[in-house]
Amino acid sequence: MASRVVPVLMYHHISPSPGLVTVSPDHFAAQMHWLKRHGYTTLTLDALAGFLAGEPVPDKSVVITFDDGYVDNWVHAHPVLEATGLHAVLFVITRWLTDGPVRRHAGQGAPLPPCLAHNASKTAIDAGQHDLVMMRWSEVHAARDAGTFEFHSHTHTHTRWDKVYPGDAENKMQALAHDLANSRRTLSERLGQASRHLCWPQGYFDDDYLHVAKSAGFDHLYTTRPGVIHPGDAQDCLARIVVKDKGLGWFAPRLWAYRQPGLANWYLSRKSS
């Protein structure tokens with residue numbers, strides 16, 4: 001049986017430090033093991049692109065995405081994905097990733113890298129302490145080699161150029177074009193290729209952003225707008241579902257509902273807690 005809809009789940013931090021856009025390691029592990037036990041298939045973005053174009057994917061298909069590239073994705077998400085055999089997507093801010101040796105992850109013993117809460121992470125990034133917060137390229141390669149993550153663009157600098165140049169479309173578009181070109185170049189140099197998949201910082205885009213992204217070679221564009229993916233949906237406005245820091249009593253019924261075309265949009269529109 002082929003899937004009629006595909007939920008695209010959205011995570012940021014998997015960390016024992018609670019805060020915004022953070023799921024605890026225990027809740028994340030429970031969610032992933034539940035997907036595994038109930039026969040879910042985690043799609044690559046190439047497979048999702050095929051589904052959008054009308055190609056069948058297995059029943060109970062889902063896409064797991066992460067934004068930014070925090071070190072806690074390596075420390076706490078990677079080992080769970082490896083243990084369950086599930087596959088995720090990480091949209092990385094290419095300028096923020098650092099060099100250095102691979103650090104320990106959960107299950108390998110102490111010491112583990114510190115995993116800062118979201119606001120503390122932002123403060124560290126603003127201070128230029130990227131290595132304290134973000135994954136290293138060595139960890140990106142290790143995760144890719146293990147099959148736990150594939151990597152795509154979340155821009156080079158995570159800058160909202162519409163805010164830097166309000167009312168100045170020309171400079172906004174030039175800055176965004178430069179940013180996306182740097183992201184593609186960095187991914188090509190570091191990973192051997194840059195894909196056509198791009199996730200917008202803060203989910204923001206406008207017509208100028210769309211034009212620049214498509215000119216840069218991106219044609220599958222991911223947002224923070226709630227919804228599930230159907231065959232034939234617009235490639236340049238792909239919806240995702242925020243996963244909350246809650247247990248299976250929250251997660252399981254929602255995954256069931258997201259897979260029902262008649263229920264998914266109603267469920268998401270309720271924005272129930």
Side-chain angles (χ1 to χ4, degrees), residues 3 5-14 21 23 41-53 55 57 61-70 73 77 81 86-97 135 140 143-144 148-162 176-177 179-184 186-187 191 193-244 255 258 264-265 268:
S3 186
V5 298
V6 173
V8 180
L9 307 181
M10 177 172 58
Y11 295 90
H12 287 74
H13 294 278
I14 307 299
V21 296
V23 173
T41 297
T42 47
L43 300 181
T44 66
L45 291 193
D46 281 347
L48 181 65
F51 176 74
L52 284 162
E55 298 174 11
V57 296
S61 287
V62 65
V63 178
I64 301 168
T65 68
F66 290 76
D67 289 5
D68 302 332
Y70 298 106
N73 296 173
L81 294 167
L86 300 179
H87 176 82
V89 173
L90 212 167
F91 295 108
V92 292
I93 305 164
T94 47
R95 186 179 177 185
W96 292 6
L97 272 61
M135 287 178 68
V140 167
R144 187 178 68 163
T148 54
F149 283 102
E150 62 181 86
F151 296 87
H152 302 274
S153 178
H154 198 30
T155 76
H156 192 56
T157 66
H158 204 260
T159 302
R160 282 281 302 273
W161 295 108
D162 57 299
L176 177 60
D179 197 313
L180 296 184
N182 279 335
S183 177
R184 289 185 67 86
T186 303
L187 288 171
L191 300 180
Q193 62 179 0
S195 81
R196 52 185 175 155
H197 300 272
L198 168 70
C199 178
W200 293 120
Q202 300 175 17
Y204 176 83
F205 64 96
D206 58 24
D207 288 344
D208 292 336
Y209 272 48
L210 292 175
H211 175 76
V212 171
K214 292 175 182 178
S215 297
F218 296 105
D219 57 13
H220 285 68
L221 306 174
Y222 297 79
T223 73
T224 57
R225 296 182 177 182
V228 293
I229 305 299
H230 305 80
D233 280 354
Q235 297 174 178
D236 59 6
C237 186
L238 294 170
R240 295 187 293 165
I241 299 161
V242 175
V243 180
K244 295 187 178 183
L255 261 292
Y258 297 153
N265 290 334
L268 288 161

* To do: Please tell me if the side chains of V57 and L43 come closer than 4.5 Å, counting only heavy atoms from C-beta onward.
  => yes
* To do: Please tell me if the side chains of L45 and V63 come closer than 4.5 Å, counting only heavy atoms from C-beta onward.
  => yes
* Asked: Closest approach of I14 and N73, non-hydrogen atoms and distance?
  -> N-ND2, 4.1 Å
* If you round to the nearest 0.5 Å, how far is CG of L187 from NE2 of H156? -> 10.0 Å
* Asked: Nearest 0.5 Å, what's the OH-CD1 distance between Y11 and I241?
  -> 10.5 Å
* To do: May I ask you to test the C237-R225 pair for a side-chain heavy-atom distance under 4.5 Å?
  => yes
* Taking all non-hydrogen atoms of both residues into account, name the closest pair between A88 and L81 and its distance. => CB-CD1, 3.7 Å
* To do: Test side-chain contact (heavy atoms from CB on, under 4.5 Å) on V140 and L97 and set out the steps.
  => CA-CA 9 Å; V140 167; L97 272 61; 3.5 Å; yes
* Structure fact -> When every non-hydrogen atom of T42 is compared with those of H87, the smallest separation belongs to OG1-N, 2.9 Å
* Asked: So do the side chains of L180 and T155 get within less than 4.5 Å of each other, counting heavy atoms only?
  -> yes
* Donor-acceptor contact present, side-chain T65 to main-chain L9, <3.5 Å -> yes
* Asked: Just by distance, do the side chain of R184 and the backbone of S195 share a donor-acceptor pair under 3.5 Å?
  -> yes
* Any chance you could lay out the ring pair (Phe, Tyr, Trp, His ring centres under 6.0 Å) test for H197 and Y222, step after step, and finish with the verdict? => CA-CA 8 Å; H197 300 272; Y222 297 79; 5.8 Å; yes
* Look at the rings of F151 and F149 and say which category their plane angle falls in: under 30° parallel, 30 to 60° tilted, over 60° perpendicular. => tilted
* Would you check if the side chain of D206 reaches a backbone N or O of D208 as a donor-acceptor pair within less than 3.5 Å? => yes
* M135 side chain reached by L90 side chain, heavy atoms, under 4.5 Å -> yes
* Asked: Would a 4.5 Å heavy-atom cut-off, applied to side chains only, mark D67 and R240 as touching?
  -> yes
* Return the orientation label for the Y204 and Y209 ring planes: parallel under 30°, perpendicular over 60°, tilted otherwise. => perpendicular
* Asked: Is a donor on one side and an acceptor on the other found under 3.5 Å between the side chain of D68 and the backbone of I93?
  -> no
* **Other residues, nucleotides, ligands: >12 heavy atoms within 6.0 Å of R95 CZ** => no
* Asked: Under 3.5 Å, is there a donor-acceptor pair between the side chain of T148 and the main chain of A143?
  -> yes
* Structure fact -> CD1 of I229 to OG of S61, rounded to nearest 0.5 Å, is 12.5 Å
* Asked: Rounded to the nearest 0.5 Å, what separation is found between the CZ atom of R196 and the NZ atom of K214?
  -> 13.0 Å
* Minimum heavy-atom distance F66-A77, with the two atoms named -> CZ-CB, 3.9 Å
* To do: Please tell me if the side chains of T44 and E150 come closer than 4.5 Å, counting only heavy atoms from C-beta onward.
  => yes
* To do: Kindly compute the distance separating NE2 (H158) from SG (C199), expressed to the nearest 0.5 Å.
  => 7.5 Å
* Minimal non-hydrogen separation, H220 against A49, with atom names -> NE2-CB, 3.4 Å
* Flag if over 12 foreign heavy atoms under 6.0 Å of NE2, H230 -> yes
* Do the non-hydrogen side-chain atoms of T94 and N182 ever get within less than 4.5 Å of each other? -> no
* To do: Check whether any side-chain N or O of D236 sits under 3.5 Å from a backbone N or O of L221 as a donor-acceptor pair, and report yes or no.
  => no
* To do: Kindly compute the distance separating OG1 (T223) from CG (L198), expressed to the nearest 0.5 Å.
  => 11.5 Å
